[in-house]
Amino acid sequence: ALSPESTQLAYVARQGGVQQLYIRPLGGLESRAVPNSEGAVAPFFSPDGRWVAFFAGGKLKKVSVSTGEAISLADAADPRGGSWGSDGTIVFAPTRATVLQAVSEAGGDSRAVTRIEEGENAHRWPELLPGANGVLFAAAGAGRDWNTAQIAVQPLNGGERRNLIQGGMHPHYAASGHLIYARDGNLVAVPFDPERLEITGRAATVLEGVVQAPLTGAAQYSLSATGTLVYVPASVHATERNLVWVSRTGVEQPLAAPARGYRQGLL
């Protein structure tokens, strides 16, 4: 995640078996670990760049960039992204199959901001538009084919949801007046009016080869308010692992499967 003014980069890394947030000034070469951020995933900055929100331990949290003070804001058992608006509202997806929720940056009760439509079961990867005029998000059904997900926008003044793009994931708004989204590991841009909440031109691929998770649809890129883009290139390969059967006594038996970037298994 990039800070709004493109001065800081927040990312998640694992070192010594501990996964936590790190922050690197874009004008420097050294990163520093953020205290009280163990287990963090999916970071995003506050509009003033003084806080980083993230998910850990079943909670949506925020941590001060300067002091390391961490505060829990809301429950988020299995999160799928969040976005922090200029009016102090945070919109987030608390679980893998749910509507988007909104909560104050100070914490408190959360409320639903989207509604599941026919054929859907998941709203995720929200992006608040400038002035908190609306929230972009991806909606998909139980099949989890995120390349066929619907990118939609929900006005936050009580207006009707608008479906914008069929076949995209993880939307962001660019200061150039474009809606950016991921599809098949590429970034696509289409002209977008954030006031009228309308597509105003034709889509075009602007960057190929961005890491995108097939399980969640998450694309590893971030845009700042000043137009800077940071991303993880698809040429970065996952750590390769071998699969094994493990008996109840702890005996391992290798499987006849090639070494790949395996992460989770389920019988």
*Quick check: are there more than 12 heavy atoms from other residues, nucleotides or ligands sitting under 6.0 Å from CZ of R115?*
no
*Closest approach of A1 and S222, non-hydrogen atoms and distance?*
CA-OG, 3.5 Å
*Check: T67 main-chain N/O paired with S64 side-chain donor or acceptor under 3.5 Å*: yes
*Going hydrophobic residue to hydrophobic residue with side-chain gaps under 4.5 angstrom, can you get from F137 over to I165?*
no
*Measuring from H123:NE2 to E117:CD, what's the distance to the nearest 0.5 Å?*
6.5 Å
*So, the side chain of S83 versus the backbone of L128: is there a donor-acceptor pair under 3.5 Å, distance only?*
yes
*Checking salt bridge (charged side-chain N to carboxylate O under 4.0 Å, His left out) for the pair E120/R161: CA distance, chi angles, key distance, verdict?*
CA-CA 14 Å; E120 299 174 353; R161 160 182 163 176; 2.5 Å; yes
*How far apart are the closest heavy atoms of P47 and P4, and which atoms are they?*
O-CG, 3.3 Å
*Are any of the side-chain heavy atoms of N36 and E69 separated by less than 4.5 Å?*
no
*Classify the angle between the aromatic ring planes of Y173 and F192 as parallel (below 30°), tilted (30 to 60°) or perpendicular (above 60°).*
perpendicular
_T226 side chain reached by L2 side chain, heavy atoms, under 4.5 Å_ = no
*If we only count heavy atoms from C-beta on, is the L136 to L179 side-chain gap below 4.5 Å?*
yes
*Can you hop from V18 to V12 via hydrophobic side chains spaced under 4.5 Å?*
no
*What's the shortest heavy-atom distance between S86 and A132, and which atoms?*
OG-N, 4.2 Å
*Calculate, to the nearest 0.5 Å, the distance between atoms CD and CH2 belonging to E127 and W84 respectively.*
15.0 Å
*Under 6.0 Å from the CG atom of N157, do we count more than 12 heavy atoms belonging to anything else shown?*
yes
*Short side-chain to backbone donor-acceptor contact, N133 and P194, under 3.5 Å*: yes
*Taking a hydrophobic cluster as the set of Ile, Leu, Val, Met, Phe, Trp and Tyr residues connected by side-chain heavy atoms closer than 4.5 Å, whether directly or through intermediates, do L207 and L223 fall within one such cluster?*
yes
*How close do N163 and A152 get, heavy atom to heavy atom, and via which atoms?*
OD1-CB, 3.5 Å
_Do L255 and W245 make a side-chain contact, defined as non-hydrogen atoms from C-beta onward lying under 4.5 Å apart?_
yes
*Give a yes or no on this: more than 12 heavy atoms of other residues, nucleotides or ligands lie within 6.0 Å of atom CD of E105.*
yes
_Over all atoms of both residues, closest heavy-atom pair of S224 and S3_ = CB-O, 3.4 Å
*If you count the non-hydrogen atoms of other residues, nucleotides and ligands that lie under 6.0 Å from CZ in R24, is the total more than 12?*
yes
*asked:* Rounded at 0.5 Å granularity, tell me how far CZ in R124 sits from OG1 in T114.
replied: 12.5 Å
*State, yes or no, whether a side-chain contact exists between K59 and L73 at a heavy-atom distance under 4.5 Å.*
no
*To the nearest 0.5 Å, what is the distance between CE (M169) and CG (D184)?*
11.5 Å
*Take I180 and V188 through the side chain to side chain contact (heavy atoms under 4.5 Å, CB included) test and state the conclusion after the steps.*
CA-CA 6 Å; I180 312 295; V188 181; over 6 Å; no
_Any non-hydrogen side-chain atom of L156 less than 4.5 Å from a side-chain atom of T89?_
no
_Inter-residue atom distance W125.CH2 - L100.CG, 0.5 Å rounding_ = 11.5 Å
*Can you say whether the rings of Y11 and Y22 are parallel (under 30°), tilted (30 to 60°) or perpendicular (over 60°)?*
parallel
*asked:* Quick check: do E208 and N186 have side-chain heavy atoms less than 4.5 Å from each other?
replied: yes
*Going by heavy atoms in the side chains, are L197 and P155 under 4.5 Å from each other?*
yes
*Would V230 and F44 show up in the same hydrophobic cluster when neighbours are defined by side-chain heavy atoms closer than 4.5 Å?*
no
*asked:* Nearest 0.5 angstrom please: I151 CD1 to I199 CD1, how far?
replied: 8.5 Å
*Heavy-atom pair with the smallest gap, counting every atom of Y231 and G209*: CE1-O, 4.1 Å
*Look at the rings of Y221 and H172 and say which category their plane angle falls in: under 30° parallel, 30 to 60° tilted, over 60° perpendicular.*
perpendicular
*Verify the neighbour count for atom CD of Q15: are there more than 12 heavy atoms of other residues, nucleotides or ligands below 6.0 Å?*
no
*Quickly, which of V63, V41, L60 forms a side chain to side chain contact (heavy atoms under 4.5 Å, CB included) with F54? Name it, please.*
V63
*In terms of hydrophobic clustering (I, L, V, M, F, W, Y; side-chain heavy atoms under 4.5 Å; direct or indirect links), are V91 and L129 co-clustered?*
no
_Please determine whether side chain to side chain contact (heavy atoms under 4.5 Å, CB included) holds for the pair V34 and V52, giving the CA-CA distance in whole Å, both sets of side-chain angles, and the decisive distance to 0.1 Å._
CA-CA 10 Å; V34 178; V52 178; over 6 Å; no
*Kindly indicate, with the supporting measurements, whether the criterion side chain to side chain contact (heavy atoms under 4.5 Å, CB included) is fulfilled by V246 and V244.*
CA-CA 6 Å; V246 182; V244 298; 3.9 Å; yes
*Give a yes or no on whether the backbone of G159 and the side-chain of Q154 come within a donor-acceptor separation of less than 3.5 Å.*
yes
